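Fair warning: this is a prediction, and the values are worked out from it, not measured in the lab. First the proteins, then the strands, lettered A, B, ... as listed; each starts at 1. Both backbone and side-chain heavy atoms feed into the values below; hydrogens, waters and symmetry mates do not.
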Amino acid sequence: MSESGVPPATVAELQTAARQIRQDVIRMTYHAGSGHPGGNLSVADLITALVFHELRLDPEHPDWPDRDRLVLSKGHAAPALYSALAHRGFFDPSSLLTLREIGSPLQGIVDRRKLPGVEASTGGPGQGLGMAVGIALDARLAKRPSRVYAIVGDGECESGLTWEALLAGGRYGLDNLVVFVDRNDPDPDRGTGNRMGLEPLADKLRAFRYDTLEIDGHQFPAIFEGLARARATKGRPSAIIARTVKGKGVSFMENQDAWHARPPNREEAERALAELGGRP
Amino acid sequence: MVERKSASLAEAYSQALVELGERDPTVVALDADTSGARAGAAFEKRFPDRFWDLGMMESTLMTIASGLALGGRTVYASTIAVFAAGAAYDAVRQSVCYNRANVKIVATHGGLLVGGDGATRQMLEDIALMRSLPGMTVIVPGDAPTARTAVLDIASFDGPAYVRLTRENLPVLTDGTFTLGHAAQLREGSDLTIVAIGAMLARALDVAEELHQAGVEARVLDFASIKPADEKTLIQAARDTGAILTMEEHNVLTGLGTLVASATATTQPVPVRQVGVPDLFGESGDPWKLLDHYGLSQKHALDEAWGLLKLRGKVS
Ligand SMILES: Cc1ncc(C[n+]2csc(CCOP(=O)(O)OP(=O)(O)O)c2C)c(N)n1
């Protein structure tokens with residue numbers, strides 16, 4: 001057992017699952033000819049930890065009322081979530097390559113009415129987080145054991161709506177709510193949607209009454225320590241700032257703004273997949 | 001179908017903005033982060049201290065723009081249409097329009113042609129929202145030369161304006177002789193009138209050409225100036241041709257079609273049929289295929305045109 005209480009064998013399995021998701025992200029965005037590789041690769045480990053380990057889900061009964069909820073507020077990380085849901089058994093992974101095609105439930109940005117397993121149709125910055133606050137309030141009111149996990153982008157934190165939602169979550173002391181910030185653009189002079197400089201972000205979140213932790217968002221033991229601490233926190237919500245690398249796992253995409261919203265071409269996809277140990 | 005050269009409307013805006021900056025030192029510009037596709041980049045390079053990129057703060061983009069304008073500046077504020085007219089609506093309504101601030105909103109990425117990102121990015125209600133705002137001027141250029149002229153023209157009056165651009169390059173159809181409040185006639189005809197905006201303008205001309213091959217002459221009006229609307233030209237067209245087909249990349253309940261129907265109803269009522277997006281959200285897909293998928297195809301427009309001609313007894 002590691003400190004996080006997660007056995008090393010499990011960590012190894014999760015690493016394999018995360019690699020699969022990264023490969024799928026490359027295949028899907030290449031195939032669709034559009035999408036956001038950078039911000040999908042940065043959250044792949046968080047999504048893996050949540051969907052494959054932390055969340056109580058039942059793929060056979062996606063609307064089981066007592067399930068935990070993952071709200072992907074940065075809804076453009078759709079391909080990473082789709083891959084995780086498919087491999088977790090929510091739907092057949094063979095449909096992943098229909099991403100962004102007419103008629104496909106795999107919308108470019110997550111759509112709850114089209115795909116089981118998606119909890120909220122998001123996209124407008126801060127709106128998914130507000131919905132997560134509402135879902136957490138609802139669970140508390142209904143005395144359901146459900147925990148609610150929201151993933152927001154750091155660019156998304158520029159939006160006033162994000163702070164309004166954070167304020168509400170703190171005010172209502174939602175200890176069933178965990179907010180992950182995918183902190184993949186720490187440099188205010190570069191990166192997508194981070195012009196205003198967010199630091200000191202942890203201090204801000206603490207001031208908004210969140211139990212706040214900063215972790216390495218690519219290390220499973222660290223993610224699980226954060227999740228365990230969040231579970232033990234009573235009377236207020238938790239915020240976990242996950243320091244991540246945009247484009248993580250593909251050397252030529254890492255920390256390169258250009259890969260925010262540009263799909264790989266064939267040659268780039270092949271190179272990326274080779275690095276990720278996958279077949280084209 | 002006629003082969004035509006295509007050009008980017010956003011690029012036309014970008015260049016016109018630099019021209020305006022050269023001409024008039026009171027012109028300033030702001031963007032809200034549009035993911036690398038920032039229309040103001042050239043202006044920023046030329047006039048770094050007259051430009052601000054506010055990041056993903058679309059409502060605040062409008063409030064700050066308004067504040068700058070109240071000080072006597074001409075302010076160009078640009079972002080993606082769904083945020084400019086949707087996310088920031090209340091700020092546009094209150095800070096810009098109610099204050100009558102001299103803010104020119106240039107919205108990129110209008111309509112279904114956004115493509116892959118799907119419904120949340122495909123603005124199909126902005127004509128309705130912006131046209132309903134008192135004092136707002138609304139323009140939907142059908143090609144890059146018109147976009148250029150429109151962007152330059154709106155600097156000449158003191159008051160708010162909304163210009164809707166399209167992300168995809170569009171065929172060049174005009175020499176850019178755009179006049180606010182005037183519907184340009186791009187093709188003469190007396191059997192039917194087709195009124196079109198934006199990306200549908202080229203399709204309207206193609207439909208008119210097909211009808212011509214079949215011996216029917218359709219008049220084509222470019223209705224880029226949505227507000228003020230050229231009601232006189234519409235009523236004349238209704239009188240001359242007896243039937244109107246409208247073509248737009250917008251929800252049919254609240255866009256060009258309803259404008260044309262209500263403008264003609266009072267004095268010269270004629271059948272008006274609409275080609276546009278039904279009362280639905282968009283979805284992900286190849287941009288041009290999406291137009292066809294949602295009923296904006298040339299074929300569908302042609303069917304509607306024949307339907308009108310039959311209704312008027314012009315063909316059997
Ligand atoms: C209101 C709004 N403005 C602009 C955009 C365009 N946009 C899509 S993703 C993105 C960057 C988001 O940054 P972040 O939340 O940090 O996501 P990541 O970098 O992790 O992909 C932007 C500006 C948008 N989706 N919504």
More than 12 heavy atoms from other groups under 6.0 Å of [atom1] on [X]:
X	atom1	value
Arg206(A)	CZ	yes
Tyr98(B)	OH	no
Arg112(A)	CZ	no
Arg88(A)	CZ	yes

Roughly how far apart are [X] [atom1] and [Y] [atom2], rounded to 0.5 Å?
X	Y	atom1	atom2	answer
Ile102(A)	Asp286(B)	CD1	CG	7.0 Å
Ser284(B)	Leu106(A)	OG	CG	9.5 Å
Met56(B)	Met196(A)	CE	CE	12.5 Å
Phe281(B)	Gln107(A)	CZ	CD	12.5 Å

Best-contacting candidate, Gly75(A), Gly126(A), Gly123(A), Gly124(A), against chain B by heavy atom pairs under 4.5 angstrom
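Among the listed options, the one with the most contacts to chain B is Gly123(A).
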
Using a strict cut-off of less than 4.0 Å between a Lys/Arg side-chain nitrogen and an Asp/Glu carboxylate oxygen, indicate whether Arg100(A) and Asp117(B) qualify as a salt bridge.
yes

Which bit of Thr122(A) is near chain B, if near means a heavy-atom gap under 4.5 Å: side chain, backbone, both or neither?
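Contact with chain B involves the backbone of Thr122(A) alone.
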
If you look at every heavy atom in Ser34(A) and Gly116(B), which pair is closest and at what distance?
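Heavy-atom minimum between the residues: OG-CA, 4.2 Å.
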
